[in-house]
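Indexing begins at 1, ligand by ligand and atom by atom, following the structure's order.
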Amino acid sequence: MTELDWSKLTFSYTKTNTILISHFDGSKWSEVESNSDDYIRLSAFAGALHYSIECFEGLKAFRGKDGKVRLFRPEENAKRLQRSAKYLGIEAPSTEMFIQMCERSVRENIEFLPPYGSRASLYLRPTLIGSNPQLGVQSSKESTFILLCSPVGAYTGGVLEAIDVVIARNYDRAAPNGTGAFKVGGNYGASLASLNKAHELGFKAVLYLDPATKKYIDEFNSSNFFAIKGNTYITPLSTTILPSITNMSLEVAAADLGMEVERRPVPVEELPTFDEVGECGTAVVITPVHKLVDKPSLESEEETVYTYGDGLCGEKSLQLFNYITDIQYGVREDKFGWTREVEI
Ligand code: PLP
Ligand code: COI
């Protein structure tokens, strides 16, 4: 048994029982191996290490009020990984293989699944890398699919704790016709200079504008952007942001709660008109934004500050948070069939 204090979990690495690995040799996937060691043997010439031939997913397993274990929309993660792999030109696992490995990872690491009521979960990190030795810049013929997991709590601060964020106008996370809409590791490497600077300034996240015109809100470094205006849920339409599975679900949830839903370009000038602003995503769930600071450059003293709420989660954001998490923890009827029960 683990000695973990579930209430103290953050979004960080915990060694679990096993990681699962399968290798595609150019024609077929190998039988899945389960290793207790989470170090992998890899050619130092692997394309993943030189040319960022890597993509990944993030999804969570939840222990429900009824004791059942559920994954949230894993087939959507499988499809998104397949899209990312196609972009990189590497082989991806089928949806069936992806889900089977997620379920097996949960089973083999079940004592790391936080109990109901802890507000924590078991985060799964399916990772796909180009793995054959290579020197030239080209898509890898062989790939390796690895299923990692770690128990996690809130991504920043505490659950539903509001954060301060900054718009970094002199940085982009993705190029106008680049990789923004794909979950490739390179996007996260590209965000680090601005994220590190933002952290030094006391901000928890960076909000990027559309890289082509810098007129519209795009997304945060590790989550999508949403805002509430009156009874309307607003979220950016952009070709340079990751299609978030949480956001897609929140749009449905908002409509089901009687709200209007708008997915459209969101001009920066609209920021002062919002009642609530937040981040959404698997890791952050819904994290309310308190202060949003717009700086011409992260190195400049100049800034425009927008403030939302009083540091607590806004009413509509809280309704949406409860709607989604109640489905994940088996408290609310899953009328859209979003969850998948894992036989333990
Ligand atoms: N945007 C970025 C850049 C992310 O890293 C994530 C996290 O996965 C999201 C959005 C949210 O996506 P999802 O809700 O599918 O986790
Ligand atoms: C997730 O929410 O699953 C993510 O992948 C964000 C992450 C990069 C921390």
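Under a hydrophobic clustering in which Ile, Leu, Val, Met, Phe, Trp and Tyr are joined whenever their side-chain heavy atoms come within less than 4.5 Å, directly or via other members, Tyr233 and Leu318 fall into the same cluster. Both Leu49 and Ile40 belong to a single network of hydrophobic side chains, linked directly or stepwise wherever heavy atoms of I, L, V, M, F, W or Y lie under 4.5 Å apart.
Around atom CD of Glu341, more than 12 heavy atoms belonging to other residues, nucleotides or ligands sit under 6.0 Å away. Counting non-hydrogen atoms of other residues, nucleotides and ligands closer than 6.0 Å to CZ of Phe11 gives a total above 12. For Arg119, the CZ atom sits in a loose shell: 12 or fewer heavy atoms of surrounding residues, nucleotides or ligands are nearer than 6.0 Å.
What sits closest to atom 6 (C) of ligand 1 on the protein, heavy atoms only, is Ser222 O, 3.4 Å. Ranking the protein heavy atoms by distance from atom 8 (O) of ligand 1 puts Lys183 NZ, 2.8 Å first. Regarding atom 5 (O) of ligand 1, its nearest protein heavy-atom neighbour is Tyr188 OH, 2.5 Å.
A salt bridge links Arg70 to Asp66: at least one charged side-chain nitrogen sits closer than 4.0 Å to a carboxylate oxygen. For the pair Glu303 and Lys291, the salt-bridge criterion is not met [side-chain N within less than 4.0 Å of a carboxylate O].
Judged purely by distance below 3.5 Å, without hydrogens or angles, the side chains of Tyr155 and Ser223 never pair a donor atom with an acceptor atom.
When non-hydrogen atoms are compared, ligand 1 lies under 4.0 Å from neither the backbone nor the side chain of Leu59. Counting heavy atoms closer than 4.0 Å to ligand 1, residue Ser223 contributes backbone atoms (N, CA, C, O) but none from C-beta onward. Contact annotation: for Glu76 versus ligand 1, there are no heavy atoms closer than 4.0 Å.
The Ser244 neighbourhood of ligand 1 comprises atoms 11 (C), 12 (O), 13 (P), 14 (O), 15 (O), with distances under 4.0 Å to a heavy atom of that residue. Those atoms of ligand 1 with a heavy atom of Thr282 less than 4.0 angstrom away are 13 (P), 14 (O), 16 (O). The contact set between ligand 1 and Ile245, taken as ligand atoms under 4.0 Å from a residue heavy atom, comprises 13 (P), 14 (O), 15 (O). Under a 4.0 Å criterion applied to the non-hydrogen atoms of Asn221, ligand 1 contributes the atoms 3 (C).
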Please tabulate, one line per pair, the protein nitrogen or oxygen atoms found under 3.5 angstrom from a nitrogen or oxygen of ligand 2, with distances to 0.1 Å, or say none if there are no such pairs.
residue  : atom  : partner : partner atom : Å
ligand 2 : 2 (O) : Ala283  : N            : 2.8
ligand 2 : 3 (O) : Tyr123  : OH           : 2.6
ligand 2 : 5 (O) : Tyr123  : OH           : 3.3
ligand 2 : 5 (O) : Lys183  : NZ           : 2.7

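The closest approach between any non-hydrogen atom of Met248 and ligand 1 is not below 4.0 Å. Under a 4.0 angstrom heavy-atom cut-off, Val284 registers as lying outside contact with ligand 1. Contact analysis leaves Glu57 out of contact with ligand 1, as no non-hydrogen atom separation drops below 4.0 angstrom.
Between Glu219 and ligand 1, at least one N/O pair is under 3.5 Å apart. Inclusion of Arg80 in the set of residues having an N or O under 3.5 Å from an N or O of ligand 1 is warranted.
What you find for Arg173 and Ile241 is that their closest heavy atoms are NH1-CA, 4.4 Å. Taking both residues in full, the closest heavy atoms of Ala120 and Trp6 are given as CB-O, 4.4 Å, listed atom of the first, atom of the second, then distance. The minimum heavy-atom distance linking Gly230 with Ile228 is given by the pair O-CG2, 3.5 Å. The minimum heavy-atom distance between Ile53 and Ser140, with the atom names listed, is CD1-OG, 3.4 Å.
Side-chain contact between Lys335 and Asp256 is present, with at least one heavy-atom pair separated by less than 4.5 Å.
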